Amino acid sequence: DNTILLAFCQLEKSVAKAYYFPEVNFASGQQVARSIIEADTKACIAFAESFGKGDSEAFIDGFNTLKPDIPLAGGNAADNFNFSKTFLIYEDQIVETGMVLVTLNGETLRVNTGYSFEWTQIGKELTITKSDKNTIYEIDNQPIQKLYQHYLGDDVIHNLPKSGMEFPFVKICDEIDVSRAIIGVNADGSYVYKGFLNEGEKVRFAIGNVEEILNKASVLQAKINEKPSEVIFIYSCGVRKHFLQK
């Protein structure tokens, strides 16, 4: 906590190449797919800033329109729940905007991916009725603040966004649970989320399920044992860490 951890991975037969993109949007996602993916690229790892103008979701959409078969891992940089600003490191530079992306390339490189969510949906299904990209104004035709107050109580309202991180909204996309955690509160009462929530979409609140998290960890371990790995990169959200520490 509250420090910087450096981890080094030495590649013997494969090659890692780092890139920096100051803009994070649909067009830059397509630019990445066109310009840096090589014939032997097996995976990409990307990190983006969290509280600026960058649009990570649109970037992923742009990337996937051209290279849907390339695994894209990573996430958004964090700042220990201060919800202020984040930074990225690219070679000898420290940057506060954009995205840093690394490709892993090699003819003999083999990449497998796994995913664990295990946040249990609770309560009734809700409909987004007024939103703008990642900002929600109304759900079920009532102000978002009123809805949070009804379901989560005054204590949560008074300590947002940190108090609401453990209760993300979950929507289903292509039969996959997709989480949208709150990261900001605007002066007009609207709430900001890390990711889009479009008008008409159905969501539910969700809460971490320790038993299911541990069970899924065992499933992933068994999957890894089937194809022994030389290295495992794990990208986990701060909410999971905060929840499990309790």
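None of the values given here were measured: they were computed from a predicted structure.
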(Q) Run the side-chain contact (heavy atoms from CB on, under 4.5 Å) test on Ile136 and Ile128 for me, step by step, so that the C-alpha distance in whole Å, both residues' side-chain angles and the decisive distance to 0.1 Å come before the verdict. (A) CA-CA 8 Å; Ile136 297 182; Ile128 308 296; 3.7 Å; yes
Q.
The test is side-chain contact (heavy atoms from CB on, under 4.5 Å); show your working for Val170 and Val178 and say whether it passes.
A. CA-CA 5 Å; Val170 172; Val178 176; 6.0 Å; no
Q: Report the C-alpha separation of Tyr20 and Ile89 in whole Å, then their side-chain angles, then the decisive distance to 0.1 Å, and conclude whether the side-chain contact (heavy atoms from CB on, under 4.5 Å) test is met.
A: CA-CA 9 Å; Tyr20 172 63; Ile89 298 174; over 6 Å; no
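Inter-residue side-chain proximity for Leu152 and Ile157 is flagged as unmet; no heavy-atom pair is nearer than 4.5 Å. Looking only at side-chain heavy atoms (C-beta outward), Pro161 and Ile183 stay at 4.5 Å or farther from each other. Here the side chains of Val219 and Lys223 are not in contact, with every heavy-atom distance at 4.5 Å or above. Using a 4.5 Å heavy-atom threshold, the side chains of Ile213 and Phe117 count as separate. Annotation: side chain of Glu138 is not in contact with side chain of Ile144 (no heavy-atom distance under 4.5 Å). Proximity of Val32 to Tyr19: side-chain heavy atoms (C-beta onward) are nowhere separated by under 4.5 Å. Arg240 has its side chain within reach of Trp119: a pair of non-hydrogen atoms, C-beta onward, lies under 4.5 Å apart. Side chains of Leu88 and Ile94 form no contact here, defined as non-hydrogen atoms less than 4.5 Å apart.
At most 12 non-hydrogen atoms from other residues, nucleotides or ligands lie less than 6.0 angstrom from CD of Glu12.
Taking the six-membered ring for Trp and the full ring otherwise, Tyr148 and Tyr191 have centroids separated by under 6.0 Å.
At least one donor-acceptor pair closer than 3.5 Å links the side chain of Ser163 to the backbone N or O of Asn159. Checking side-chain atoms of Asn198 against main-chain N and O of Glu201 turns up no donor-acceptor pair under 3.5 Å. For Asp174 (side chain) and Ile176 (main-chain N/O), no donor-acceptor pair under 3.5 Å exists by modelled atom type. Put simply, the side chain of His150 never gets that close to the backbone of Lys146: no donor and acceptor are under 3.5 Å apart. With hydrogens and angles ignored, the 3.5 Å screen pairs a side-chain donor or acceptor of Arg204 with a backbone N or O of Gly123. Side chain of Asn186 to main chain of Gly189: no donor-acceptor pair is present (N/O by atom type, distance under 3.5 Å, no hydrogens or angles). Using modelled atom types, no side-chain atom of Lys13 and backbone atom of Thr108 make a donor-acceptor pair closer than 3.5 Å. A distance-only check finds no donor-acceptor pair linking the side chain of Arg34 to the backbone of Leu66 [under 3.5 Å]. Judged by distance alone, with hydrogens and angles left aside, the side-chain atoms of Asn134 form no donor-acceptor pair with the main-chain N or O of Lys194 at under 3.5 Å. The main-chain N or O of Glu211 is found under 3.5 Å from a side-chain atom of Asn209 such that the two form a donor-acceptor pair.
By the criterion of side-chain heavy atoms lying less than 4.5 angstrom apart, applied directly or through intervening Ile, Leu, Val, Met, Phe, Trp or Tyr residues, Leu214 is grouped together with Tyr115 in one hydrophobic cluster. Residues Tyr193 and Leu160 share a hydrophobic cluster, clusters being chains of Ile/Leu/Val/Met/Phe/Trp/Tyr side chains in contact below 4.5 Å. Hydrophobic clustering of Ile, Leu, Val, Met, Phe, Trp and Tyr side chains at less than 4.5 Å, counting indirect connections, keeps Tyr137 apart from Val185. A continuous path of hydrophobic side-chain contacts links Leu101 to Ile37 [ILVMFWY only; heavy atoms under 4.5 Å]. Taking hydrophobic clusters as Ile, Leu, Val, Met, Phe, Trp and Tyr residues chained together by side-chain heavy-atom distances below 4.5 Å, Val24 shares a cluster with Ile60.
In terms of heavy atoms, Ala77 sits closest to Phe47 at N-CD2, 4.4 Å. Listed here is the closest heavy atom pair of Phe169 and Val203: CD2-CG2, 3.8 Å. Between Thr127 and Lys202 the shortest heavy-atom distance is OG1-NZ, 2.8 Å. Across all their heavy atoms, Glu107 and Arg110 have their closest contact at O-NH1, 3.1 Å. Between Glu49 and Gly54, the shortest heavy-atom distance links the atoms OE2-N, 3.2 Å. In terms of heavy atoms, Ser56 sits closest to Asn76 at OG-OD1, 3.0 Å.
Judged purely by distance below 3.5 Å, without hydrogens or angles, the side chains of Glu199 and Thr129 never pair a donor atom with an acceptor atom. Side chain to side chain, Thr86 and Asp79 fail the donor-acceptor criterion of an N or O pair below 3.5 Å. No hydrogens or angles considered: nothing links the side chains of Thr135 and Asp132 as a donor-acceptor pair under 3.5 Å. A donor atom on one side chain and an acceptor atom on the other are found under 3.5 Å apart for Gln149 and Asp154.
Between Lys171 and Asp177, none of the side-chain N atoms (NZ, or NE/NH1/NH2) sits under 4.0 Å from a carboxylate O, so this pair counts as no salt bridge. Ion pairing of Lys85 with Glu96 is present here, as a side-chain N (NZ or NE/NH1/NH2) and a carboxylate O approach within less than 4.0 Å. In this structure, Arg180 pairs ionically with Glu57, as a charged nitrogen and a carboxylate oxygen lie closer than 4.0 Å.
To the nearest 0.5 Å, atoms OG1 (Thr41) and CG (Leu109) are separated by 10.0 Å. Atom NZ of Lys17 and atom CD1 of Ile36 lie 10.0 Å apart (nearest 0.5 Å). One distance of note links CG of Asp140 with CD of Glu125; it measures 9.5 Å at 0.5 Å rounding. Here Cys237 contributes atom SG and Tyr235 contributes atom OH; the two are 15.0 Å apart, rounded to the nearest 0.5 Å.
A tilted orientation is assigned to the rings of Phe205 and Tyr151, their planes being inclined by 30° to 60°. By the 30° and 60° cut-offs, the orientation of the rings of Phe63 relative to Phe59 is parallel.
Every residue meeting the salt bridge (Lys or Arg N to Asp or Glu O under 4.0 Å) condition with Lys216, not counting sequence neighbours, appears here in chain and number order: Glu118.
Remark: of the listed residues Val111, Ile45, Ile70, Ile45 is the sole one forming a side chain to side chain contact (heavy atoms under 4.5 Å, CB included) with Leu104.
Applying the ring-ring contact (aromatic ring centres under 6.0 Å, His included) test to residues at least two apart or on different chains, none of the pairs has a partner in residues 209-233.
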